[in-house]
Each structure stands twice: as structure tokens, then as C-alpha cells.
Trainee: 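A single structure is presented below for examination.
Just so we're on the same page: letters track the sequence lines, and every chain starts at 1.
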Amino acid sequence: MKGYRNYFLNKLLWFLVTLVAAFILNFILPRLMPGDPVAAIVSRLAQGMSNTSGVQAIYEQYAEQFGTNKPMLEQFVLYMRNVFQGDFGFSFSQYPRTVADVISSSIWWTVGLQFPAIIIGWLIGNTLGALAAYRRGTFDKVLMPISIFVSNLPAFGMAVIMLVIFAVTLRWFPTSGGYGFDLIPNFSWKFIWSVFIHYQLPFWSIVLITIGGQAIGMRSMSIYELNADYVKYSRLLGIKDRKIVGYVFRNAMLPQITGLALSIGTMVGGALVAEIIFSYPGLGSTILTAVLGQDYPLISATTLIITLMVLLANFLLEIAYGFLDPRIKAAQAD
Amino acid sequence: MLEVRELTTKYITRFKEDIYAVDHVSLKIEEGRSLGIAGESGCGKSTLALSLMGYYFPPLHYTSGDIIIDGTNISGMKADDVRKSILGREIAYIPQAALNALNPTQKIIRFIEDVVKAHDPTVTKDEIYEMARGLFESLGLPAEVLQKYPVELSGGMKQRTVIAISVILRPQVLIADEPSSALDVTSQKMVIKMLRNLMDNGYVKAMIFITHELPLLYNVTDDIMVMYAGQIVEKAPAHEAVFDPLHPYSKGLMGSIIVPEEGLRDVKLAAIPGTPPNLKNPPKGCRFAARCKYVRPECRVQSIQLRELENGRSYRCVIGEDELRELYAREAE
Ligand SMILES: Nc1ncnc2c1ncn2[C@@H]1O[C@H](COP(=O)(O)OP(=O)(O)OP(=O)(O)O)[C@@H](O)[C@H]1O
Ligand SMILES: [Mg+2]
């Protein structure tokens with residue numbers, strides 16, 4: 001157990017360090033963007049106003065409210081305190097909505113879309129990869145080129161292809177949104193059906209991208225494991241093939257978990273892009289509007305939330321990995 | 001006990017080429033005896049060991065011949081019957097790469113459970129544990145090993161654990177493929193002692209021991225068989241195989257062992273010059289002809305049969321027994 005505790009503490013430490021770094025970066029980066037957002041808001045509000053001192057007054061009022069006229073360090077301290085209170089301030093672009101409000105109305109769309117899509121893509125991809133390694137032959141020859149092709153498509157490429165084929169040409173699914181724009185969210189069957197229909201294209205484009213990458217990795221890991229000496233030895237002791245495939249699957253899966261931990265950031269990034277293409281009402285679209293509207297607080301908060309989710313997923317995966325692979329414990333105990 | 005007649009097996013490579021790595025091999029072991037198999041790397045020793053199990057999986061395929069164990073011919077049996085009633089029970093195998101022979105993510109006892117249950121699903125875990133603990137302790141291995149993962153064991157311990165697991169079902173015949181070659185000298189000695197122990201205490205009734213380290217073989221087994229390019233070139237009791245080899249290949253191979261033992265010369269004999277033939281299309285005549293000092297024109301014409309001598313020895317060469325001894329004597333002067 002000592003080995004695992006060391007491993008756990010080590011991962012926890014790194015988790016905390018990256019967390020702090022994430023906070024700092026998330027605060028600074030949006031503020032380095034060119035342009036003065038308060039000036040932008042004011043110029044929108046003040047369109048048609050000819051009174052310069054009136055415009056000036058509005059400007060100062062907003063600058064005071066958002067804290068953009070204070071020194072950076074002070075802004076940061078303020079920001080950290082607010083973050084821990086769950087208070088991200090007002091959104092510039094969707095004023096007078098608060099950032100917390102904007103995020104809480106979009107985050108569940110993203111969680112509901114990406115978690116299932118990445119997990120299902122990962123499971124299907126690994127199963128297909130293991131089968132390709134085990135069965136070889138035609139299955140392998142068909143699956144692999146497709147996987148390689150799919151996994152090399154950029155995320156938006158897949159989304160655009162799905163969109164053109166299934167929404168524009170075949171008209172099987174709607175082109176955009178999370179539900180019909182003429183509906184008000186409620187628990188009627190009509191609404192749930194609309195959500196379900198709108199879910200399909202973004203969901204499957206993320207699943208497909210994930211499958212491609214996972215299947216390739218799992219196939220080569222499984223081929224490697226199938227040639228391992230323990231497979232031959234187990235066979236010659238009379239253990240059934242089905243059981244041996246179980247050993248191989250488990251062992252080939254372990255590096256795939258680390259692989260998932262490493263690539264989950266990229267995957268989420270890709271999935272956010274897919275959301276944008278389907279105008280899905282999740283964090284991806286929120287980020288886009290935030291960037292276009294130079295909405296500091298919203299950009300900072302959404303990227304922070306996404307970073308936190310990715311870091312947490314990563315941390316949990318590594319913790320699970322330590323449990324599943326006894327080699328970790330042995331290596332850390334030395 | 002175990003009799004093998006004219007067994008031939010081949011590898012089929014990715015490019016659909018056939019490699020006959022075991023070519024018409026016959027052998028016989030009586031109860032209580034052990035047989036050593038020696039030969040250069042790549043001559044087919046491991047393939048022979050695998051082939052003797054009667055259970056083939058790609059790229060290795062059965063071609064012809066019989067394997068008879070305790071009166072049952074297993075070459076005609078269905079693969080799943082061989083798996084269930086022969087593997088581990090009648091014939092057990094210790095792999096060449098025993099250090100990697102255990103699944104890294106499984107505790108030793110879990111693997112033993114899988115092995116036992118593969119043959120008899122009705123045995124309970126407690127029974128298996130008692131069985132394993134008894135066996136490990138009687139072989140001088142601590143019972144704690146059972147609760148460990150392979151990574152937590154040292155090389156020598158892993159090797160001995162693999163040996164113990166191989167005999168958990170009390171097989172009649174044990175085939176050990178280079179069980180000690182990857183170890184240091186102390187661990188090697190322990191492994192050899194353990195294998196002898198298995199024979200002496202009746203855990204196994206007969207043993208086949210494969211190695212390229214001849215000094216080891218001479219001290220461990222009753223008989224020695226020399227392989228060259230997939231064929232047997234000589235079979236003899238251990239002492240005769242070492243001190244009176246007949247086939248020119250055995251002579252070259254054995255040279256390196258008698259020299260230090262008799263203290264005649266302190267230089268090791270040079271390795272046999274040249275390389276073994278490619279098994280994809282072996283030469284028509286004697287497979288050793290290209291490297292043989294005593295080669296004659298008739299050697300290259302047709303394949304050479306194994307000659308059976310009256311005292312039970314046999315060797316594969318066109319030159320007579322006495323003539324060979326004379327040639328070797330003249331060479332020594
Ligand atoms: N999986 C395989 N596929 C194709 N050919 C193989 C395979 N394994 C072995 N061979 C070939 O079969 C021949 C015999 O190999 P084998 O492993 O039995 O030799 P060996 O005598 O055990 O050698 P070593 O002393 O190195 O263990 C070699 O020519 C080798 O190239
Ligand atoms: Mg070998």
C-alpha cells in the first residue's frame with residue numbers, strides 16, 4: 001500500500017500545481033488580448049449619442065463596475081476571491097446576465113454531450129481495436145484504414161462532413177441548436193424528442209473521432225500483448241482462449257487509460273469545436289460568443305471551468321490507473 | 001511413457017512460406033528418465049518442445065507424425081480435448097522466456113486458480129490455495145509468493161515460481177526449455193536442483209531438458225539428443241554423447257565441454273565455422289554438409305537416414321561409426 005500512497009500523493013501534488021498554473025493563465029491570457037472591451041460596450045450603447053461627456057460618464061461607470069481600471073495584481077486578488085465564492089462577475093457581452101448564470105445554462109449541455117460521447121467512443125474504439133488484433137484478416141484490413149482516416153481528420157472536419165451529409169443533403173437531422181428554436185425548455189415529449197434529435201450529429205461526430213484514435217492504439221497494444229510470452233505459457237497450461245483474451249484486453253487497455261488521460265484535453269478541445277459547428281448551446285458556443293464580444297470575465301470563467309474539468313478527469317484517470325496496474329505500486333515502493 | 005514418431009511441424013510465416021523447424025523427429029522416454037536436447041540457436045529446440053505438447057496455434061502447424069503418451073495417441077485428438085486433458089496434466093511446459101511467462105497484472109494465486117479451473121471447474125478457491133501452498137512449501141518456495149504480483153519477485157524466484165506452477169497438476173512429463181539460461185550462476189544451480197528434486201520426489205515422472213549450455217546438460221540428464229536444422233543428428237546416453245560423439249556436428253559441439261573437464265587444454269575449441277542452412281529450403285542432402293570437415297560427394301545427393309546402432313545409439317551420417325572415431329583420433333594428433 002505504501003507504493004500506492006506515494007503514487008497518489010505524487011499525482012495529487014501535480015494536480016494542485018497544474019491547478020494553480022491554470023488559475024493564473026486563465027486570468028492573464030484574456031487580459032492580454034488587444035482591444036478595450038469596455039470601450040466596445042460603451043460605443044455600442046452610445047450609438048447615436050452626440051454628447052461626449054455623457055459617453056465618458058458611461059465609460060467610467062462600466063470600468064468601475066468591472067474593475068478594469070484597477071492594477072492587474074489587485075484585479076487578480078479580487079478575481080481569486082470571487083472565484084472561490086462562485087462569483088465571476090457580469091458578462092460583458094450578455095450584460096446584465098452574470099457569468100455564473102451564462103455558464104450554468106450551458107455547462108450541462110457540454111457535460112451531457114462530451115462525457116457520454118468520449119466514454120462511448122473510447123469503449124467502442126478499444127473493443128474494435130482489440131478485435132482487429134485478435135481476428136486479423138478482413139475485419140482488420142477494413143477497420144484500420146478507416147480508423148486512420150477518421151482519426152486524422154480535424155474535429156471540425158468530421159463535424160462538417162456529418163453536417164453536410166445528414167443535415168443538409170439527407171435532411172435527417174437538424175443543422176444546429178440543442179433543441180428546436182420554436183420550443184421553450186420543458187419536460188414535454190415534444191421537447192425531449194427535439195433535444196434527442198439535435199443531440200445525434202454532434203454526439204456521433206465526437207464518438208467517431210474518438211473511436212478512430214483509440215482503435216489504432218488499442219490494436220497495436222493488443223498485437224504486442226498477444227505475442228507476449230505469458231499468452232503462450234497460459235495457452236500451454238490449458239487455459240481457455242476466452243480467458244487469455246481477457247488478460248490481453250486488460251493489459252492492452254492499461255496504456256490506453258494513460259493515453260486517454262494525455263489526450264483528453266485535445267479531445268475536449270475538438271469536441272468544443274464540434275459544438276460550435278452545430279451551434280450546440282454548450283460551452284464551445286459560449287466561448288465563441290465570449291471571444292467575439294471580448295467578454296473577459298466569460299472567457300476567463302469558461303476556460304477555467306473547462307481546464308478544471310480536464311485536469312480533474314486526468315487526475316481521476318491516473319488514480320484509477322494506479323489501482324489497476326500493480327507495476328505502478330511496485331515501481332513506487334522501490 | 002512418452003513416445004514420438006516421425007513428428008513434423010512447420011511455421012507458416014506472414015508471407016505464406018513454410019519453415020519446417022521440426023522434421024521427422026522420433027524419440028522415446030521411459031518413466032524415471034530424463035532427456036536433454038542440445039543444439040545451436042535456431043535449430044528448432046523450442047519448436048520441438050512446443051510441438052511435443054500436441055496443441056498447435058499459429059504460426060505453428062502440425063504436419064504429420066504421432067505423439068503417444070501413456071498409450072494414447074494425442075495427434076488425432078481434438079484441440080479442445082488436448083487442452084483439457086493433456087496440457088498441464090500429462091505434459092507440462094516451462095517456457096524459454098520464463099521471466100516474462102507470467103501475466104504482469106495478475107497475482108500468482110489468481111493465475112494458479114485459472115490453471116486449475118481450466119481443467120476442473122468444480123475445485124474451490126480454498127482447495128486450490130491449499131494445494132498451491134503445499135506444493136510451494138515442499139519445493140522450498142515461501143507461500144507469500146502466492147499473494148504477489150510477478151513484478152514483485154526477483155528473477156530467480158520468478159523462474160522457480162513458473163516451474164512450480166507448471167507442475168501444479170502433477171504432469172507425467174515436464175518439458176523445460178532453457179529454464180536457467182537467463183539467470184546468474186547461483187539461481188541456475190537452484191533451478192537445476194529444483195528440477196532434480198521434482199524427478200526424485202515423483203512430482204513428474206520424466207523430463208525433457210533443453211539447453212545450449214552443454215556442461216549443464218551432461219550433469220542433469222540421462223540421455224542427450226543433438227538437433228541440427230530441425231532434425232535429430234545424434235541420440236546417445238549422456239556420457240557417450242559427451243565423450244564419444246559420432247556425428248561431426250556433435251563432435252564440434254561437444255568439443256567445448258570435454259576440454260575444460262579433462263584439463264587437456266586451456267583454450268576453448270573454436271565454434272564450428274559457418275552458419276546453419278535456411279529452413280525455408282534446406283539442402284537436399286545432409287543438412288550439415290556445407291559446414292562439415294569430412295564431407296563427401298554422396299553427402300549432397302540425397303537425405304541421410306538416421307543409423308540405429310546395436311547399443312541403442314543412433315546418428316545421421318554416411319560415414320561408419322569406427323571410421324568416424326578414426327578420423328577424430330587422427331584430427332586430435
Ligand atoms: N514464430 C515463428 N515464425 C516463423 N518462424 C519461426 C518462429 N519461431 C521460430 N521460427 C524459426 O524456426 C526455427 C527454429 O526456432 P526455435 O525457436 O525452435 O530455435 P531454438 O533452437 O529454440 O533456438 P534458441 O536456442 O535461440 O532458443 C528458426 O529458424 C526460427 O527462425
Ligand atoms: Mg529456443
Side-chain angles (χ1 to χ4, degrees), chain A residues 1-4 6-7 130 133-138 140-141 144 220-258 320-334, chain B residues 14 46 49-50 52-60 79-108 110-121 148-153 162 165-169 171 175 177:
Chain A
M1 239 26 240
K2 182 166 164 290
Y4 188 72
N6 288 349
Y7 175 79
Y134 187 68
R135 300 259 297 270
R136 308 304 285 270
T138 328
D140 190 27
K141 290 204 181 83
M144 271 314 113
S220 37
M221 275 318 298
S222 301
I223 288 178
Y224 176 78
E225 287 289 332
L226 278 169
N227 287 322
D229 294 316
Y230 71 82
V231 170
K232 198 198 240 176
Y233 183 51
S234 305
R235 269 187 176 143
L236 289 174
L237 280 170
I239 294 180
K240 284 201 187 93
D241 266 6
R242 203 163 359 112
K243 187 127 224 159
I244 298 172
V245 169
Y247 299 164
V248 165
F249 191 69
R250 183 195 159 119
N251 292 346
M253 195 85 136
L254 288 171
Q256 290 294 99
I257 295 179
T258 334
Y321 182 69
F323 262 115
L324 293 173
D325 193 341
R327 283 166 291 197
I328 296 286
K329 287 173 229 169
Q332 298 283 323
D334 291 342
Chain B
R14 282 187 296 151
S46 297
L50 284 178
L52 291 178
M53 308 293 296
Y55 188 68
Y56 306 95
F57 38 87
L60 186 62
D80 201 56
D81 293 338
V82 173
R83 178 189 70 73
K84 216 160 170 216
S85 56
I86 305 297
L87 300 182
R89 281 190 160 171
E90 296 288 332
I91 315 181
Y93 169 78
I94 301 173
Q96 176 159 6
L99 297 185
N100 301 318
L102 297 169
N103 178 359
T105 58
Q106 195 178 31
K107 281 188 179 162
I108 307 295
R110 295 283 102 75
F111 182 59
I112 296 180
E113 282 164 10
D114 286 352
V115 173
V116 176
K117 282 179 180 273
H119 297 88
D120 182 0
K148 295 202 166 156
Y149 287 100
V151 275
E152 297 171 299
L153 304 176
V162 169
I165 294 173
S166 295
V167 299
I168 189 94
L169 300 166
I175 302 176
D177 190 358

Trainee: Could you measure the distance from the CG atom of A:L237 to the CD1 atom of B:I168? Nearest 0.5 Å is fine.
Mentor: 10.0 Å
Trainee: Under the side chain to side chain donor-acceptor pair (under 3.5 Å) test, which residues partner B:Y55, sequence neighbours left out?
Mentor: none
Trainee: Where on A:K240 is there a heavy atom nearer than 4.5 Å to chain B: the side chain, the backbone, both, or neither?
Mentor: both
Trainee: Under 4.5 Å, counting heavy-atom pairs only, tell me which of B:G88, B:P95, B:S85 racks up the most with chain A.
Mentor: B:P95
Trainee: Taking every heavy-atom pair that is under 4.5 Å apart, which of B:I86, B:I94, B:V82, B:V162 has the most such pairs with chain A?
Mentor: B:V162
Trainee: Mind checking the NZ-CD1 spacing from B:K117 to A:I239? Nearest 0.5 Å is all I need.
Mentor: 12.5 Å
Trainee: Report the distance from atom CZ of B:F57 to atom NZ of A:K232, rounding to the nearest 0.5 Å.
Mentor: 7.0 Å
Trainee: Any heavy-atom pair between the side chains of B:L50 and A:L236 that's under 4.5 Å?
Mentor: yes
Trainee: Below 4.5 Å, heavy atoms only, C-beta onward: do A:L324 and B:T105 meet side chain to side chain?
Mentor: no
Trainee: Verify the neighbour count for atom NZ of B:K84: are there more than 12 heavy atoms of other residues, nucleotides or ligands below 6.0 Å?
Mentor: no
Trainee: Return the option, out of B:L169, B:N103, B:V115, with the maximum number of heavy-atom pairs under 4.5 Å with chain A.
Mentor: B:N103
Trainee: With sequence neighbours left out, what residues match B:D80 under side chain to side chain donor-acceptor pair (under 3.5 Å)?
Mentor: B:R83
Trainee: So which part of B:A92 gets closer than 4.5 Å to some heavy atom of chain A, the side chain, the backbone, both or neither?
Mentor: neither
Trainee: What's the spacing between B:L102 CG and A:Y230 OH if we round to 0.5 Å?
Mentor: 11.0 Å
Trainee: Which residues pass the side chain to side chain donor-acceptor pair (under 3.5 Å) test with A:N227, not counting sequence neighbours?
Mentor: none
Trainee: Write down the atom of B:A118, the atom of A:G238, and the distance for their closest heavy-atom approach.
Mentor: CB-O, 3.4 Å
Trainee: Sub-4.5 Å heavy-atom contacts with chain B: which residues of residues 248-258 of chain A show up?
Mentor: A:R250, A:N251, A:L254
Trainee: With a 3.5 Å cut-off and no angle check, do the side chains of B:S166 and A:Y233 form a donor-acceptor pair?
Mentor: yes
